[in-house]
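Naming convention: chains lettered A, B, ... in sequence-line order (proteins, then strands); numbering from 1 in each chain. Side chains are part of it too, since the values below use all heavy atoms of this structure and drop only hydrogens, waters and symmetry mates.
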There are 4 protein chains.
Amino acid sequence: MAGNVFGQMFRITTWGESHGRAVGVVVDGLPAGLPFSEADIQKELDRRRPGQSEVSTPRSEADSVEILSGIFEGKSTGTPISMLVWNSDARSSSYDAIKNTPRPGHADFTYIARYGIRDHRGGGRSSARETIGRVAGGALAKLLLSHYGIRIVGHVLELGGIRAKSLSFEEILENVERTPVRCADPEAAKKMLEKVSALRQEGDSAGGIVEVMVKGVPAGLGEPVFDRLDADLAKALMSIPAVKGFEIGAGFEAARMRGSEMNDSFLMEDGKVTCSSNNAGGILGGISSGLDIVCRVAVKPTPSISKLQQTVDLTTRENAEIAIKGRHDPTIPPRMVPVAEAMVALVFADHMLRSGFINPRTLLG
Amino acid sequence: MAGNVFGQMFRITTWGESHGRAVGVVVDGLPAGLPFSEADIQKELDRRRPGQSEVSTPRSEADSVEILSGIFEGKSTGTPISMLVWNSDARSSSYDAIKNTPRPGHADFTYIARYGIRDHRGGGRSSARETIGRVAGGALAKLLLSHYGIRIVGHVLELGGIRAKSLSFEEILENVERTPVRCADPEAAKKMLEKVSALRQEGDSAGGIVEVMVKGVPAGLGEPVFDRLDADLAKALMSIPAVKGFEIGAGFEAARMRGSEMNDSFLMEDGKVTCSSNNAGGILGGISSGLDIVCRVAVKPTPSISKLQQTVDLTTRENAEIAIKGRHDPTIPPRMVPVAEAMVALVFADHMLRSGFINPRTLLG
Amino acid sequence: MAGNVFGQMFRITTWGESHGRAVGVVVDGLPAGLPFSEADIQKELDRRRPGQSEVSTPRSEADSVEILSGIFEGKSTGTPISMLVWNSDARSSSYDAIKNTPRPGHADFTYIARYGIRDHRGGGRSSARETIGRVAGGALAKLLLSHYGIRIVGHVLELGGIRAKSLSFEEILENVERTPVRCADPEAAKKMLEKVSALRQEGDSAGGIVEVMVKGVPAGLGEPVFDRLDADLAKALMSIPAVKGFEIGAGFEAARMRGSEMNDSFLMEDGKVTCSSNNAGGILGGISSGLDIVCRVAVKPTPSISKLQQTVDLTTRENAEIAIKGRHDPTIPPRMVPVAEAMVALVFADHMLRSGFINPRTLLG
Amino acid sequence: MAGNVFGQMFRITTWGESHGRAVGVVVDGLPAGLPFSEADIQKELDRRRPGQSEVSTPRSEADSVEILSGIFEGKSTGTPISMLVWNSDARSSSYDAIKNTPRPGHADFTYIARYGIRDHRGGGRSSARETIGRVAGGALAKLLLSHYGIRIVGHVLELGGIRAKSLSFEEILENVERTPVRCADPEAAKKMLEKVSALRQEGDSAGGIVEVMVKGVPAGLGEPVFDRLDADLAKALMSIPAVKGFEIGAGFEAARMRGSEMNDSFLMEDGKVTCSSNNAGGILGGISSGLDIVCRVAVKPTPSISKLQQTVDLTTRENAEIAIKGRHDPTIPPRMVPVAEAMVALVFADHMLRSGFINPRTLLG
């Protein structure tokens, strides 16, 4: 509890605020014998960094990861792996003005309600920088899963109301990193960029939908009744800042379908049981069926906009106005893709260990 | 783990299959001194029973709860409360035929993949009967919360594509039990009943959306970053059979909004901080703001339809057909309302204890 | 938390007070496919019943177990197993007199401090009857472990100051049930019986030491640093009422040894690594070595004695006297043996699952 | 799980091996508003450092702690606190020789059995250096507890067979740091030093007993049945390297006492309920009584001795000999005192939060 620990057997503890000295993660439960290095982690961290494109805001943070424990001769030892990234480029002053006036859509107010004080420097632990620890931990999870044939890809399915066309796992994997919006449909990507640019001009922001797919999942993962695979995915993804909804397979569309339309028929194919459709999203009764896992999250528009907003002054207890200055991304979904993949990887690594598909002690002989 | 335990401080362990001897729950963590009786639990269990209306199927199960421990002179002792409901009306034979042919949309196939065998009698632990334990545990949670001014109401917001109009918490509380569809908008309720009736004739089924609201929540509940209040609500609700999506506040609509539309402005009202709108659904940064909690789940249509469906025969490893006989509800959302309320109550009871709003040991002096 | 749940992957939830309607346990995490029946559980429960011998007090409780879920065609389904034993032979009245005057050595006072009220009927949850749930759950754990060649035996090593001579695992297993004191050394057993008889006459009681040995344990069990195998054994055994100490291998004797005496030398034997001695008790660095596990608990004398004792009256806030009437065992260790074995079995079942030595989903194919 | 996380509400995750880059801890669950600084932590870390006295071996490790998160304007923020100590003075080479020949009494063999490989550099995670994280986390726990009037003191009660006389809490607190053996009885301390010196000459080592006392504990702490306060203390202390036994109050002596001797009589004193003796050690039925907590651990002699020992060669699978070189303390108990205090502090901080004696969110207003 206390909220900063995630997972049962593949367990991460994240720490660090945006304007503290560093942010990081401790990964506990990675079996011994997995080959890895800083490069594997850095690759994922680089994907989440701001300042990479027109859809994010330039900030010069190097975000270079250091591995402090749990590795010996290039392989995991089975003991905890501590990783950190030093903070720099602090610019505390941009945030000082808001200390007493909570920003609408942000967690300023609720953090003060909970803790009595709030590290107001840049959002503290409620800012996106705390996701560094998740992505670093998720990178290890991804690596572990790849040894078992499990692959994960995320992409932006919708942005500012513009929806990409339906594409296969391989097509998405192939194209997702080609554009800053991380949309694998080039036409939709182009429109998304225009939309975001327009909103940035207006000092406003856009929301969207991120989709994550997992291929190569064995049937039988998930622990009814409460630790169902989809329930754990929901919790993991809803824990990412700015997420307001989660759905799997047909999701909210299922609410409008008939049973005869929704049910995926079973059939034999190459001696294996599969389904003719995948409205279930790869999960039935909370347990994986062996088909691709397909899930989505609804991402709200960036709350930090430069337009004038109404708020209160907590010291005078009167209404007040606020205009947020500083550097802010006009849209979150493209940056969220690696974070969403990381959370999904963490859930799968945990379930694979818990269900006995991966030896918890060691990958060696 | 092992999936049948839910909660950290207000913790329930459910057990029992639909065609085993009984189903039940053990509630651990209820502080001492709470007055309660079988009647409090029975009231909630009666709401979930099938055979109550035109939207469900008559089955004569009494579902009478027995409290076996944890109570003394009408008050909780602070020790575990064990409650059970005996099974009757078994009708195993209706289900025998499907032992080798997994029903599409059901967990038959995935349960076999996980356990190697499957108690095929009526869905076993994947059937709706396992929700009895949740509702009984949730009834205690609701009672505890009521002592702290927290009230919960659920209702059917949408069914078979027909959506109710927007109503207030009090209007919903007032009207929800007046119709079998549990929709507080009489006009929409009427159309829903007609729709369901038609689908039943066709041997098909309908999905829908259940909404749950919570009033009286203090600000400051929720444990960033992973045990956020909305993340825990998502996990709790997604663990209910047939749920394919979860959203809070504006939910998936937020994906299509601008920041200036989505952000709820803060303002002072009667000396308290509140918001002019509630797109956040009562939660910001994973912590409650004090405003009403508003969340929804997408419910898929009942998978058990009488229409002919395609499946496989697991013994012959060939394609096969299946026509499900027996008694099945043509739609789930109305019956899910008390279950959804129960899960929400469990999450709030747990968080209220974890965050120190309720004394974990005793309610007495 | 809330204290009534034990274990991570092999998890039990116990419930019930001595004078409530029943006591029981829910076992979560037993893989599917284990053959078992009421008889397997009853066998262990019968060992813990009072009234079996001259060292315990006759009470006529049948303690017949009922299995309510989790079993199908004689095998575990992988879903939770709920078991209960109905209470009878209540005799509440014997205990009423003590409601306001806490019995020395008992938990009366501390329970009131914690819960504000106390179910004073027969010790409530602090009485030995709550161990029924543990023994039932432990019986399943024992059965599971036996399929992996792991055997557990407990015995009374010391009673009323009389110590048995050192015997092998097989000798103990052979003889332990032959005497009511559960001591495998016939001479020591005889003296123990005499000692206990004398103390009973005087209205006093005796303490002792229970030893538990485990054979067939694989090397590599235990999770440093905090969930070391010996740390988990300590917690499990110290949770049994009346236990005041735990030790493993040489235990407190090690405090007085030199390193050259304490260290167990390694040597090859039949191609396997073993040790020439076992002062470590089968655990090094918190991980099993493959040698027998040998641990002990110190059991305090029964607090319920008929001699006059000094206490306080909680209502008048003055000193008072108390003479405990009714039926009480003059010594606990013989009755504790099956409970201690059960707790050890639970720890090993849990660790075997967590460390991947047992498939958590199913024992089938 | 995975063993490196301890606690439920006051939760620490430790990481780091002796010869990795650093060792550290993440503390989750410390409420907001606690004033603290590096100095508070450094004070406790300095107590555990080797090279301080004649009873330890000189090694020049600075062990300077750095706080990387969770603090703002000198107070805790309620978010995780990450602390680390950089490793230096590595001297890997001293340990290379033993890679294939497990040292008797050490965890070399069992770690290889568990992980398949073993970071042989200086004991890796099985060495005493991993206790730095515990002591740092425990320092915060101690500080938090002091705000609630709870004080903890540990001392060496017995060393090399020499036992100190019985002293009060205040006498121990006053004198424990005056001698390198951390024994508050000056005469016994003198003999202990002589004993240790002699054993060091012989290339052998001595064991001992560490006692920890806690004063100011409220009545009502502890969660029967499984998370009893004494059971959690046992687990916490048994998790420290080299501990082979735990006892509370009269401990193993209780096994030899009569009930009339063991039971602590209740009496009124200054309007409060107390006891005339404390054989219970401050805990009855797993719940604190308000009296001092008194517990002890049995510490085995340092396994690293320079005398020649028998072992096996894991590559040739033949018997071999080993003579451990390098720098080793001839006795552990004096160095273990701050570690034992830290573990006890962690248990109490956790239970105080879980039982509602400390507000989990904030210490402010």
With chain B as the partner, which of [options] has the greatest number of non-hydrogen pairs under 4.5 Å?
options	result
G207(A), A206(A), A255(A), S289(A)	A255(A)
P104(A), A113(A), A250(A), A254(A)	P104(A)
G105(A), S205(A), A234(A), G161(A)	S205(A)
V297(A), D232(A), L237(A), I162(A)	D232(A)
R134(A), H106(A), Q309(A)	R134(A)
P301(A), S355(A), S304(A)	P301(A)

Taking side chain to side chain contact (heavy atoms under 4.5 Å, CB included) as the test, write out the residues that go with [X], two or more places apart.
X	answer
A231(B)	K235(A), M238(A), S239(A), R228(B)
D313(A)	N100(A), T101(A), T315(A), T316(A), A320(A)
P333(A)	V156(A), L159(A), V210(A), V299(A), T331(A)

For this session: Write down the atom of Y115(A), the atom of P224(B), and the distance for their closest heavy-atom approach.
Result: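 Here Y115(A) and P224(B) meet closest at OH-CD, 3.9 Å.
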For this session: Measure across F252(B) and R296(A) and return the closest heavy-atom pair with its distance rounded to 0.1 Å.
Result: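 Closest approach of F252(B) to R296(A), heavy atoms only: CZ-O, 4.2 Å.
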Under 4.5 Å from a heavy atom of chain A, the part of [X] involved:
X	result
K307(B)	side chain
T302(B)	backbone
D264(B)	backbone
I305(B)	side chain
A219(B)	both
E318(B)	backbone

Is there side-chain contact between [X] and [Y], with at least one heavy-atom pair below 4.5 Å?
X	Y	result
F226(B)	V5(A)	no
L314(A)	M268(B)	no
Q310(B)	L267(A)	no

Taking atom [atom1] of [X] and atom [atom2] of [Y], what is their separation to the nearest 0.5 Å?
X	Y	atom1	atom2	result
F6(A)	D227(B)	CZ	CG	9.0 Å
K244(A)	M262(B)	NZ	CE	5.0 Å
R103(B)	N263(A)	CZ	CG	10.5 Å

Exercise. If you check every heavy atom in residues 273-281 of chain B against those of chain A, which residues fall under 4.5 Å?
Worked result: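 When heavy atoms of chain A are the reference, residues 273-281 of chain B contributes V273(B), N279(B), A280(B) within the under-4.5 Å range.
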Is [X] reaching over with its side chain to a backbone N or O of [Y], donor-acceptor style, under 3.5 angstrom?
X	Y	value
R317(B)	G271(A)	yes
T110(B)	L284(A)	yes
R114(B)	G222(A)	yes

Seminar exercise, completed: chain A shares the most heavy-atom pairs under 4.5 Å, among G290(B), G259(B), G286(B), G251(B), with G259(B)
